[in-house]
Amino acid sequence: MLADTAGAVVVESTLQERQQPDKAYFIGRGKAEEIKELVEEIDAKVVIFDDDLSPAQTRNLETLIDRKIIDRSRLILDIFSSRARTKEAQTQVELAQLTYMLPRLTRQWTHLSRQAGGGGASGGIGTRGPGETQLEVDRRATRSRINALENALDKIARQRETGRKQREGIFKTALVGYTNAGKSTLLKGLSGADVLIEDRLFATLDSTTRRVHLGYNRDILCTDTVGFIRKLPHHLVASFRSTLEEAIQADLLLHVVDASYEHREEHIATVDQVLTDIGITDRPTLLIFNKIDQIDKDEREGLRVTYPDAVFVSGLTGDGLDRMRSQIYHHLEGARVTLDLKLPQSEGRLISDLHRIGEVLTTQYVGNDVLMTVKLSTENAKCMVPNGQYRVRDEGPVDTSTGPPA
Ligand SMILES: Nc1nc2c(ncn2[C@@H]2O[C@H](COP(=O)(O)OP(=O)(O)OP(=O)(O)O)[C@@H](O)[C@H]2O)c(=O)[nH]1
Ligand SMILES: [Mg+2]
């Protein structure tokens with residue numbers, strides 16, 4: 001599917017079982033020669049490996065098989081680069097590509113020489129001396145470009161940070177999941193917004209945030225994120241940190257699983273692993289089985305038994321979207337407390353903050369005081385309201401210094 005997404009037509013595939021990869025060729029030398037013959041016979045243009053190859057292995061295979069060799073990382077990077085639309089995604093992809101290329105730079109990368117202003121350093125396989133010099137120039141140019149891109153991403157990350165501050169107080173959710181699970185379809189279904197949906201891998205590279213009405217007079221924010229995949233190149237994860245930051249900041253994760261995929265457990269495990277890798281561990285998560293229009297009743301019941309807390313939906317038909325909304329609502333309510341507050345009217349700043357980040361249910365003026373009933377996230381309740389000045393409904397007075405009520 002990766003190959004297909006990248007625009008290649010797979011004409012033949014082959015597998016080798018080995019205890020461990022060969023240092024020089026990754027596969028055995030005999031197998032590599034077999035592939036060379038096959039490639040000539042069927043006139044294949046490219047050989048794709050479903051694992052990552054070392055720079056030396058790629059070179060050796062290229063020399064032996066005499067075809068372009070593409071490993072899994074490179075394939076994913078190619079797809080990413082063809083799909084990057086926004087400045088941020090393009091910057092992230094370029095950074096990942098250069099990081100991938102740096103150890104692989106050889107004298108063959110003549111296009112880089114041109115970029116570095118080298119002019120006529122053509123011919124590729126030149127004499128050793130000048131060639132080496134050009135290579136050094138290329139490496140330096142690549143490193144300084146990497147630096148520039150990292151700085152640009154830092155800047156974008158800071159801008160995002162500002163945007164996030166303005167959205168403080170609104171309950172935030174993020175759709176995460178294996179690529180092609182149907183995250184964007186669900187965002188579209190929930191928010192009504194126009195979102196790019198494709199039966200291809202990595203249709204979404206940027207995070208898109210939309211407001212979702214839950215009903216019950218409540219709005220939340222929902223962010224669509226880049227899909228995860230097995231054996232995701234680590235430099236790619238690193239480059240996409242700022243996009244994934246939206247998931248890192250979410251109050252609730254909506255883990256979307258393609259229920260119709262036979263090995264969905266593998267996908268679930270991969271997503272959990274990537275989340276751990278980017279530092280998200282014990283985040284409240286709602287498991288969403290999507291594409292239930294594609295599975296029969298028995299299968300659905302089986303899943304229900306195994307995952308009693310999961311939500312079953314079809315982004316395509318809209319089935320289950322209301323259940324999904326109400327489950328999100330329950331999470332949101334669980335994460336909020338209702339407070340009865342008595343504040344001096346002089347606390348104008350605090351009062352306006354409460355209106356901004358909380359849900360003010362009632363307001364009453366008594367003398368110089370304001371009596372308010374406000375729903376707030378437990379987190380905001382802890383950090384915003386001064387010690388001893390509030391009372392949680394039905395639960396008696398609370399000491400804020402010990403944190404919010406459970
Ligand atoms: N049958 C069926 N197909 C669905 C459903 N939801 C999504 N799809 C299809 O699955 C494919 C992928 O959907 P997307 O919403 O683009 O998936 P995504 O998780 O955002 O994928 P990436 O952005 O590529 O990671 C599209 O062809 C959708 O039409 C569903 O409930 N049922
Ligand atoms: Mg998508």
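One is the number of the first residue; the rest follow in order along the sequence. Counting convention: from 1, in listed order, for ligands and their atoms alike. Only a predicted model underlies this, so the values are computations on that prediction, with no experimental measurement involved.
- Protein heavy atom in closest approach to atom 11 (C) of ligand 1: Asn180 OD1, 3.5 Å.
- Between Ile229 and Thr270, the closest side-chain pair of non-hydrogen atoms is not below 4.5 Å.
- Of all heavy-atom pairs between Thr5 and Ile79, the closest is CG2-CG2, 3.7 Å.
- Paired with Arg67 under the rule side chain to side chain contact (heavy atoms under 4.5 Å, CB included), one option of Leu61, Val39, Val46 passes, and it is Val39.
- Under the 4.5 Å side-chain criterion, counting only non-hydrogen atoms from C-beta, Leu149 is in contact with Leu98.
- Among the backbone and side-chain atoms of Thr185, none of the N, O or S atoms lies under 2.8 Å from the Mg ion (ligand 2).
- Residue-ligand proximity: Ala181 is placed with a non-hydrogen atom under 4.0 Å from ligand 1.
- Distances between N or O atoms of Asp224 and those of ligand 1 include no value under 3.5 Å.
- For an aromatic pair to be called close, the ring centres must be under 6.0 Å apart, and His263 with Tyr261 satisfies this.
- Of the heavy atoms in Lys291, both backbone and side-chain atoms come closer than 4.0 Å to ligand 1.
- Looking only at protein heavy atoms, the nearest one to atom 31 (O) of ligand 1 is Gly315 N, 2.9 Å.
- Among all non-hydrogen protein atoms, the one lying nearest atom 29 (O) of ligand 1 is Ile197 CG2, 3.9 Å.
- For ligand 1, the polar-atom distance check finds no N/O of Ile292 at less than 3.5 Å from any of the ligand's N/O atoms.
- For ligand 1, the polar-atom distance check finds no N/O of Leu201 at less than 3.5 Å from any of the ligand's N/O atoms.
- Between Arg72 and Asp51 no salt bridge is recorded (no basic side-chain N to carboxylate O distance below 4.0 Å).
- Contact of the Pro55 side chain with the Arg59 side chain is registered, since non-hydrogen atoms from C-beta on lie closer than 4.5 Å.
- By the criterion of a heavy-atom distance under 4.0 Å, both the backbone and the side chain of Leu316 are placed next to ligand 1.
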